Number of protein chains: 2
Amino acid sequence: MVTYGAHPGWEALGDPSRLAIVQRLAERPCAVGELADELPISRPAVSQHLKVLKGAGLVVDQAVGTRRVYRLSPVGLSALRDQLDTFWRRALNGYQDIVDEAEESS
Amino acid sequence: MVTYGAHPGWEALGDPSRLAIVQRLAERPCAVGELADELPISRPAVSQHLKVLKGAGLVVDQAVGTRRVYRLSPVGLSALRDQLDTFWRRALNGYQDIVDEAEESS
DNA sequence: CACGAACGTAAGCTACGACTTACCGATGGT
DNA sequence: ACCATCGGTAAGTCGTAGCTTACGTTCGTG
């Protein structure tokens with residue numbers, strides 16, 4: 001298993017179906033059935049994926065009558081965004097800024 | 001499976017071991033053996049992960065004598081960065097910019 | 001020229017995750 | 001009160017990703 005203590009959002013976005021769900025939710029908030037209609041998987045499969053995305057803090061849900069509307073969570077996405085931005089910035093300047101000093105975050 | 005035509009980088013970063021490798025490479029360029037020493041997996045395992053990361057365009061390798069030094073690829077990371085930034089921005093403003101055009105009725 | 005170091009690849013095993021069908025609870029309308 | 005809709009959960013199957021060991025190859029060094 002070996003969790004490495006990484007943000008669960010990366011594993012959540014690693015699945016193609018979940019990334020597709022996130023892409024749909026980036027366009028508009030959706031109920032479970034709507035997502036299942038647009039995707040080549042069953043509705044329970046979508047439900048399970050949403051559970052993972054919710055556990056990773058990437059989506060939030062809201063009960064509307066008998067339906068549950070899901071939408072993206074800005075706070076959850078910002079964590080991944082910042083980390084990926086760090087990777088990109090480090091790679092961009094050719095590791096120039098590493099020479100001086102190191103500050104760590106576990 | 002069902003590829004959805006997504007960027008392969010998401011699946012590449014979805015594995016905890018590969019994310020750990022990327023984190024190490026974000027600090028400094030590394031050879032395969034160096035990464036294997038810092039990680040709880042064997043050297044061939046690291047090699048296979050690097051192959052996936054390279055296929056996704058997230059890392060580039062350079063032969064230095066008998067060693068292969070890997071480092072992050074800015075261009076590969078920027079694609080993921082932009083997409084994740086789009087997700088984040090859409091979620092942040094509460095889908096305000098979508099309301100005008102799209103209208104659904106069931 | 002031979003030996004060791006560093007790496008990639010092949011083969012094989014194992015475990016986990018993604019998916020399905022079936023079932024059940026909750027909500028809303030008539 | 002009844003029924004239909006919507007969604008989460010359980011149980012079970014199956015594919016495949018990830019890991020290891022073993023081997024082949026390249027490069028540098030004595």
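The structure displayed is predicted, hence computed values, not measured ones. So that the names make sense, note that chain A is the first sequence line, chain B the second, and so on, each numbered from 1.
- B/L13 has its CG atom 16 Å from the P atom of D/dA17, to the nearest Å.
- The distance from atom CG of B/D37 to atom C1' of C/dA5 is 13 Å, rounded to the nearest whole Å.
- Looking only at distances, a side-chain donor or acceptor of B/T86 sits under 3.5 Å from a matching main-chain atom of B/D82.
- Between A/E34 and A/R24, none of the side-chain N atoms (NZ, or NE/NH1/NH2) sits under 4.0 Å from a carboxylate O, so this pair counts as no salt bridge.
- Using a 4.0 Å cut-off, no side-chain N or O of B/S42 falls inside it from OP1 or OP2 of D/dT21.
- Note: CD (B/Q62) to C1' (D/dT26) measures 17 Å, nearest angstrom.
- Rounded to whole Å, atom C1' of D/dT25 lies 13 Å from atom CZ of B/R68.
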**Request:** Show your reasoning for whether side-chain contact (heavy atoms from CB on, under 4.5 Å) applies to B/R67 and B/V32.
**Result:** CA-CA 8 Å; B/R67 314 195 318 166; B/V32 183; over 6 Å; no

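- Counting any heavy atom pair closer than 4.0 Å across all strands shown, A/A31 reaches sugar-phosphate atoms only and no base atom.
- Between A/Y70 and D/dG8 there is a side-chain N or O to OP1 or OP2 distance below 4.0 Å.
- Proximity of residues 46-57 of chain A to DNA chain D (heavy atom under 4.0 angstrom from any strand atom) is restricted to A/S47, A/Q48, A/K51.
- Summarising the geometry, the separation between CG on B/L39 and P on D/dG18 is reported as 14 Å, rounded to the nearest angstrom.
- The base of C/dG8 sits with one of its N or O atoms less than 3.5 Å from a complementary donor or acceptor on the side chain of B/R43.
- Checked by atom type and distance alone, the side chain of A/R81 never pairs as donor or acceptor with a backbone atom of B/L84 at under 3.5 Å.
- Checked by atom type and distance alone, the side chain of A/R90 pairs as donor or acceptor with a backbone atom of B/A26 at under 3.5 Å.
- Rounded to whole angstrom, the span from the CD atom of A/E34 across to the P atom of D/dT5 amounts to 16 Å.
- Between A/P44 and A/G65, it is A/P44 whose nearest contact on DNA chain C lies nearer the 5' terminus.
- What you find for A/A12 and A/A56 is that their closest heavy atoms are CB-CB, 4.0 Å.
- Between B/R18 and D/dG18, a side-chain N or O to OP1/OP2 separation shorter than 4.0 Å is present.
- With hydrogens and angles disregarded, no donor-acceptor distance shorter than 3.5 Å links the side chain of B/R43 to the backbone of B/A36.
- With the end axes of the helix from C/dC1-D/dG30 to C/dT30-D/dA1 each set by five pairs, the angle from one to the other reads 30° at 10° resolution.
- For the pair B/E11 CD and C/dG17 P, the interatomic distance rounds to 14 Å; values are reported in whole Å.
- Rounded to whole Å, atom C1' of D/dT20 lies 11 Å from atom CD1 of B/I41.
- A sub-4.0 Å separation between OP1 or OP2 of D/dG7 and a side-chain N or O of A/T66 is absent.
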